[in-house]
Amino acid sequence: HITDLLNAMALAYPHVYFELFHNGRSLKQLIDGKPYERVLTVLGQTLKDALYEVNYASGDIKISGYIADPALARKTSMGIYAFVNGRFVKNAALFQALRDGYHQRLVKGLYPLGVLYINLPFEDVDVNVHPAKTLVRFAEQNKVFFAVKQAAALALGSAAFMPKPGAVQTAVDDLATVPEPEAFASPVPELEKPAAVPENRFFDKEKLFAAPPAPKLESRTLDSSMHF
């Protein structure tokens, strides 16, 4: 739990240096730097070539961050870090909205890796849901969840990883307009129909179904000289 808390704090403040000690030993160092570098430090360097940048805006809602390629999905939501106005939060519906943004790219039951920074007016967020302050309630939750779903879908719809910095993805009215993965480059060829077999190629129906001929009876003449 301490490591998870440290990771959350490090992602919330990428410009701050963090170091974890245990019994006088340094276990983990998080060098201050850019958000992208901090995400790689926390989630793993293996994501270096598998991150999509999220940079979305719709009205008062702005969402930024990074989400990973669906091929790297995991069985739990532990790899999702969400921040609302700089506060680390845990919200199952928010995580589900992110999963929905992946549409059919995710295997059922798996969760993506990602870090999302959600900013909206402070009066639209209630942080007094739980003493730990990690659970929040949104005044217009459907609007926020749709924005998260759309932000992920637009980021994944990019042709390449890591869009240019500063490129803002704007809202669309319908997620159906988000491009889906390209279809096969060439259609699947149709199988040729087998040549018709001549009706009497292998058998003669008249001979096959005709009644069998009656057996021939041989007549024999008894020899009177035979003794019984």
Side-chain angles (χ1 to χ4, degrees), residues 1-16 18 20 30 32 34-36 38-39 41-43 51-68 70 73-103 106 108-157 166-175 178:
H1 295 295
I2 294 177
T3 303
D4 292 339
L5 180 60
L6 177 66
N7 288 338
M9 294 176 62
L11 289 169
Y13 303 97
H15 57 283
V16 177
F18 290 87
L20 177 63
L30 297 168
D32 53 314
K34 298 179 180 180
Y36 172 70
R38 181 58 59 84
V39 170
T41 302
V42 173
L43 296 184
L51 283 179
Y52 293 90
E53 183 179 19
V54 178
N55 198 359
Y56 172 90
S58 177
D60 294 332
I61 302 175
K62 293 179 175 58
I63 304 175
S64 60
Y66 302 91
I67 56 177
R74 297 180 179 178
K75 294 182 179 181
T76 70
S77 60
M78 296 296 293
I80 302 176
Y81 292 86
F83 301 87
V84 176
N85 293 337
R87 180 190 299 271
F88 175 60
V89 301
K90 294 180 179 180
N91 187 299
L94 202 62
F95 296 165
Q96 183 60 44
L98 175 60
R99 290 186 75 255
D100 291 345
Y102 276 75
H103 196 45
L106 272 183
K108 185 178 180 180
L110 297 185
Y111 290 85
L113 298 174
V115 180
L116 294 179
Y117 302 96
I118 305 168
N119 290 281
L120 65 162
F122 286 92
E123 59 270 18
D124 292 343
V125 185
D126 182 6
V127 299
N128 296 314
V129 179
H130 189 274
K133 305 295 184 181
T134 56
L135 299 179
V136 295
R137 182 183 294 113
F138 300 102
E140 298 181 273
Q141 63 176 8
N142 289 338
K143 183 178 179 180
V144 176
F145 297 157
F146 181 80
V148 170
K149 174 181 177 180
Q150 197 172 34
L154 288 171
L156 293 168
V168 178
Q169 300 147 349
T170 56
V172 295
D173 293 332
D174 190 349
L175 283 179
V178 178

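Side-chain contact between V125 and V144 is absent, with no heavy atoms from C-beta onward closer than 4.5 Å. The closest side-chain heavy-atom distance from L43 to Y66 is not below 4.5 Å. A 4.5 Å side-chain heavy-atom check between F145 and N91 finds at least one atom pair inside the cut-off.
Every residue was checked against the side-chain hydrogen bond (donor to acceptor under 3.5 Å, both in side chains) condition with D124, not counting sequence neighbours, and none meets it. With sequence neighbours left out, L5 forms a side-chain contact (heavy atoms from CB on, under 4.5 Å) with M9. The salt bridge (Lys or Arg N to Asp or Glu O under 4.0 Å) test applied to D126 returns R137, not counting sequence neighbours. Considering only residues two or more places apart in sequence or on other chains, D60 meets the side-chain contact (heavy atoms from CB on, under 4.5 Å) condition with P121. With sequence neighbours excluded, the residues that form a ring pair (Phe, Tyr, Trp, His ring centres under 6.0 Å) with F83 are F88, Y117.
Rounding to the nearest 0.5 Å gives a distance of 10.0 Å between CZ of F18 and CG of D32. Here CG of N119 is found 6.5 Å from OG of S64. Values are rounded to the nearest 0.5 Å. Summarising the geometry, atom CZ belonging to F138 is positioned 5.5 Å from atom CD1 belonging to I118; distances are rounded to the nearest 0.5 Å. One distance of note links CZ of F95 with NZ of K90; it measures 8.0 Å at 0.5 Å rounding. Here N7 contributes atom CG and L30 contributes atom CG; the two are 6.5 Å apart, rounded to the nearest 0.5 Å. The line from CE of M78 to CG of D4 is 4.0 Å long, rounded to the nearest 0.5 Å.
Within the 3.5 Å criterion, the main-chain N or O of L110 finds a donor-acceptor partner in the side chain of R99. Side chain of R38 to backbone of A12: no donor-acceptor contact under 3.5 angstrom is found.
Judged as a side chain to side chain donor-acceptor pair (under 3.5 Å), not a single pair has a partner in residues 75-85 (not counting sequence neighbours).
Scanning both residues, A82 and L94, for their nearest heavy atoms gives CB-CD2, 3.9 Å. Contact record, L98 with V148: N-CG1, 3.9 Å, taken as the closest heavy-atom pair. Closest approach of L113 to Y102, counting heavy atoms only: O-OH, 4.0 Å. The two residues A155 and V54 have their closest heavy-atom pair at CB-CG2, 3.9 Å. In terms of heavy atoms, A73 sits closest to L106 at CB-CD2, 3.4 Å. Listed here is the closest heavy atom pair of L156 and G101: CD1-O, 4.0 Å.
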Next item on the list: Check the pair V127, V89 against side-chain contact (heavy atoms from CB on, under 4.5 Å), reporting the backbone distance first and the verdict last.
Entry: CA-CA 9 Å; V127 299; V89 301; over 6 Å; no
